[in-house]
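Step one of this worksheet: look at the structure below.
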Amino acid sequence: MSGYWLFKAESDVYGLSHLLAEKHQRGRWDGIRNYQARNFLRDQVAEGDGVLFYHSSCKEPGIVAQVKVVSSAYPDPTQFDPQSPYYDPKSTPDNPRWVSVDIQLVKAFKQPLPLKQLKLDPLLAEMILLRQPRLSIQPVTPAEWRHINKLAGGR
DNA sequence: GCCAACGTTGGC
DNA sequence: GCCAACGTTGGC
């Protein structure tokens, strides 16, 4: 596993419950429409990378699961779908603007880690999540990754 | 290329 | 629902 990431989603749009309902708990991470997030996804996120799944815009925002990347980046199909809220009329199949990756659940955290707890943890003070709250795809350091999985009761 | 107006994110 | 922070748009 080469890289570690945090992916953020509104829990009622695509949350852990949606991923759990997918066949093999495997789903597509789509709808990214921010260039900084897109660049990470397109250029750096790789198959096999580890991902912290974060719920935003809900009662208890926080990290709820560990997932892994199970594909390389490919054009996000929703950008070509006029029915989709993520439709982008300026994007063409020849020159797609937005990408997706597929992800698969590794484990749901027994103890979801609420944002308010992360904020209090000195070992996580440098997390991008806490410094640039609006970025929906962001790198996580190996030290942060280990610490968070330990807090969540993982290995 | 500047920057004001506007839109979105997301915690609270 | 509010609003701060930030991103995007578009006139000039």
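Nothing here was measured: the structure is a model prediction, and the numbers come from that model. Sequence lines set the chain letters: A, B, ... in the order given, protein chains first and strands last, and positions in each chain run from 1.
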* Hey, could you give me the CG/CD1 distance between A:Leu129 and A:Ile63, rounded to the nearest 0.5 Å? => 6.5 Å
To the nearest Å, give me how far apart [atom1] ([X]) and [atom2] ([N]) are.
X        : N      : atom1 : atom2 : result
A:Asn39  : C:dG7  : CG    : P     : 13 Å
A:Arg38  : C:dT8  : CZ    : C1'   : 14 Å
A:Gln36  : B:dT9  : CD    : C1'   : 14 Å
A:Ile32  : B:dT9  : CD1   : P     : 10 Å
A:Gln117 : B:dG11 : CD    : P     : 16 Å
A:Asp88  : C:dG7  : CG    : P     : 19 Å
A:Leu6   : B:dG10 : CG    : C1'   : 14 Å
A:Asn34  : B:dT9  : CG    : C1'   : 10 Å

Only distances under 3.5 Å count here; give the side-chain donor-acceptor pairs of residues 9-25 of chain A to other protein atoms, sequence neighbours excluded, each with its distance to 0.1 Å.
unit_1, atom_1, unit_2, atom_2, d
A:Tyr14, OH, A:Glu22, OE2, 2.8
A:His18, ND1, A:Gly15, N, 2.8

Under the side chain to side chain contact (heavy atoms under 4.5 Å, CB included) rule, collect the residues that match up with [X], sequence neighbours excluded.
X        : value
A:Pro112 : A:Val64
A:Ser100 : A:Arg28, A:Asp30, A:Tyr74, A:Asp76, A:Pro77
A:Ala143 : A:Thr141, A:Arg146
A:Pro75  : A:Gln79, A:Phe80, A:Pro96

Select one nucleotide: of [options], the one nearest the side-chain heavy atoms of [X].
X        : options               : answer
A:Ser57  : C:dT9, B:dG10, C:dG7  : B:dG10
A:Leu115 : C:dG7, B:dG10, B:dG11 : B:dG11
A:Pro61  : B:dG11, C:dT8, C:dG7  : B:dG11

* Structure fact -> Contacts of A:Lys116 and A:Glu10 projected onto DNA chain B by closest heavy atom; the upstream (5') one is A:Glu10
* Asked: If two hydrophobic side chains count as joined below 4.5 Å and joins carry through other members, does A:Trp29 share a cluster with A:Leu105?
  ->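 Hydrophobic grouping puts A:Trp29 with A:Leu105.
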* Between A:Tyr54 and B:dT9, does any side-chain N or O lie under 4.0 Å from OP1 or OP2? ->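 For B:dT9, neither OP1 nor OP2 has a side-chain N or O of A:Tyr54 closer than 4.0 Å.
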* Please state whether the phosphate of B:dC12, meaning OP1 or OP2, lies under 4.0 angstrom from any side-chain nitrogen or oxygen of A:Lys119. =>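 Yes, A:Lys119 has a side-chain N/O under 4.0 Å of OP1/OP2 on B:dC12.
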* For DNA chain B, what residues of residues 123-135 of chain A have any heavy atom nearer than 4.0 Å? ->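 Close to the strand are A:Pro133, A:Arg134.
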* Quick one: which of A:Asp43, A:Val45, A:Leu41 gives a side chain to side chain contact (heavy atoms under 4.5 Å, CB included) with A:Val99? -> A:Leu41
* To do: Can you tell me which residue pairs pass the side chain to side chain donor-acceptor pair (under 3.5 Å) test with a partner in residues 54-64 of chain A, sequence neighbours excluded?
  =>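 Of all non-adjacent pairs touching residues 54-64 of chain A, none passes side chain to side chain donor-acceptor pair (under 3.5 Å).
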* Structure fact -> Residue pairs meeting side chain to side chain donor-acceptor pair (under 3.5 Å), one or both in residues 110-127 of chain A, sequence neighbours left out, come to A:Asp121-A:His147, A:Glu126-A:Arg131
* For the helix from B:dG1-C:dC12 to B:dC12-C:dG1, figure out the bend between the end axes, five pairs an end, and round to 10 degrees. => 10°
What protein N or O atoms touch nucleotides 1-5 of chain B N or O atoms at under 3.5 angstrom, if any, and at what distances?
none

* **Nonpolar side-chain network containing A:Tyr35, other nodes, edges under 4.5 Å** =>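 Under the 4.5 Å side-chain rule, A:Tyr35 groups with A:Trp98.
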* **Pairs meeting criterion salt bridge (Lys or Arg N to Asp or Glu O under 4.0 Å) with involvement of residues 90-100 of chain A, two or more places apart** => A:Asp88-A:Arg97
